[in-house]
Student: 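First the structure, then my questions, so here it is.
What's counted below: heavy atoms across the whole structure, side chains too, no hydrogens, waters or symmetry copies.
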Amino acid sequence: MWRLRDHAHAALTAEGGAILDERTGRWTYLSPTAATAVMFLCACTGREGAVGQYAARYGLPAGRAAADVAAVADALSTAGLAGEESAAPRRHRFGWGWWR
């Protein structure tokens, strides 16, 4: 499952958004379509579901939607703000993090 890292905090809307990296204090600003891709990536259990919702939202062919979603996911992963997570629950310093 793709998700934002614990140190990355997002403020996302249909009009765009930003992600704060609390380690560096830097913001990554997102276009409206990139923010939508992040919302779908975080809401779906797999990248395929995010691509399908993104394609439907913008009326795109599956290949174009997959390329757009992959570009956003890969850029945020390269920046260390997001990535794939294993299925095992992660222990947080204040417990199991049931709120995540």
Student: What is the minimum heavy-atom distance between Pro32 and Ala14, and which atoms define it?
Tutor: CB-O, 3.4 Å
Student: If you look only at pairs with a residue in residues 63-82, which of them pass as a ring-ring contact (aromatic ring centres under 6.0 Å, His included), with sequence neighbours excluded?
Tutor: none
Student: Can you name the nearest heavy-atom pair linking Gly17 to Ala35, along with the distance?
Tutor: N-CB, 4.1 Å
Student: Residues in salt bridge (charged side-chain N to carboxylate O under 4.0 Å, His left out) with Arg26, at least two apart?
Tutor: none
Student: Can Leu20 be reached from Tyr29 by stepping across I, L, V, M, F, W or Y side chains whose heavy atoms are under 4.5 Å apart?
Tutor: yes
Student: Could you pull out all donor-acceptor pairs under 3.5 Å where a side-chain atom in residues 54-82 meets a protein atom, sequence neighbours excluded?
Tutor:
{"residue": "Tyr58", "atom": "OH", "partner": "Thr36", "partner atom": "OG1", "Å": "3.1"}
{"residue": "Arg64", "atom": "NE", "partner": "Asp68", "partner atom": "OD1", "Å": "3.0"}
{"residue": "Arg64", "atom": "NH2", "partner": "Asp68", "partner atom": "OD1", "Å": "2.5"}
{"residue": "Ser77", "atom": "OG", "partner": "Ala73", "partner atom": "O", "Å": "2.9"}
{"residue": "Ser77", "atom": "OG", "partner": "Ala82", "partner atom": "O", "Å": "3.3"}
{"residue": "Thr78", "atom": "OG1", "partner": "Asp74", "partner atom": "O", "Å": "2.8"}

Student: I'd like to check Arg3 versus Cys42 (side-chain heavy atoms, cut-off strictly below 4.5 Å). Are they in contact?
Tutor: no
Student: Could you check if a side-chain atom of Gln53 sits within less than 4.5 angstrom of a side-chain atom of Met39, using non-hydrogen atoms only?
Tutor: no
Student: Return the set of residues passing side chain to side chain donor-acceptor pair (under 3.5 Å) with Thr28 (not counting sequence neighbours), or none when no residue passes.
Tutor: none
Student: Using the side-chain hydrogen bond (donor to acceptor under 3.5 Å, both in side chains) definition, which of the options His9, His7, Arg5 pairs with Asp21?
Tutor: His7
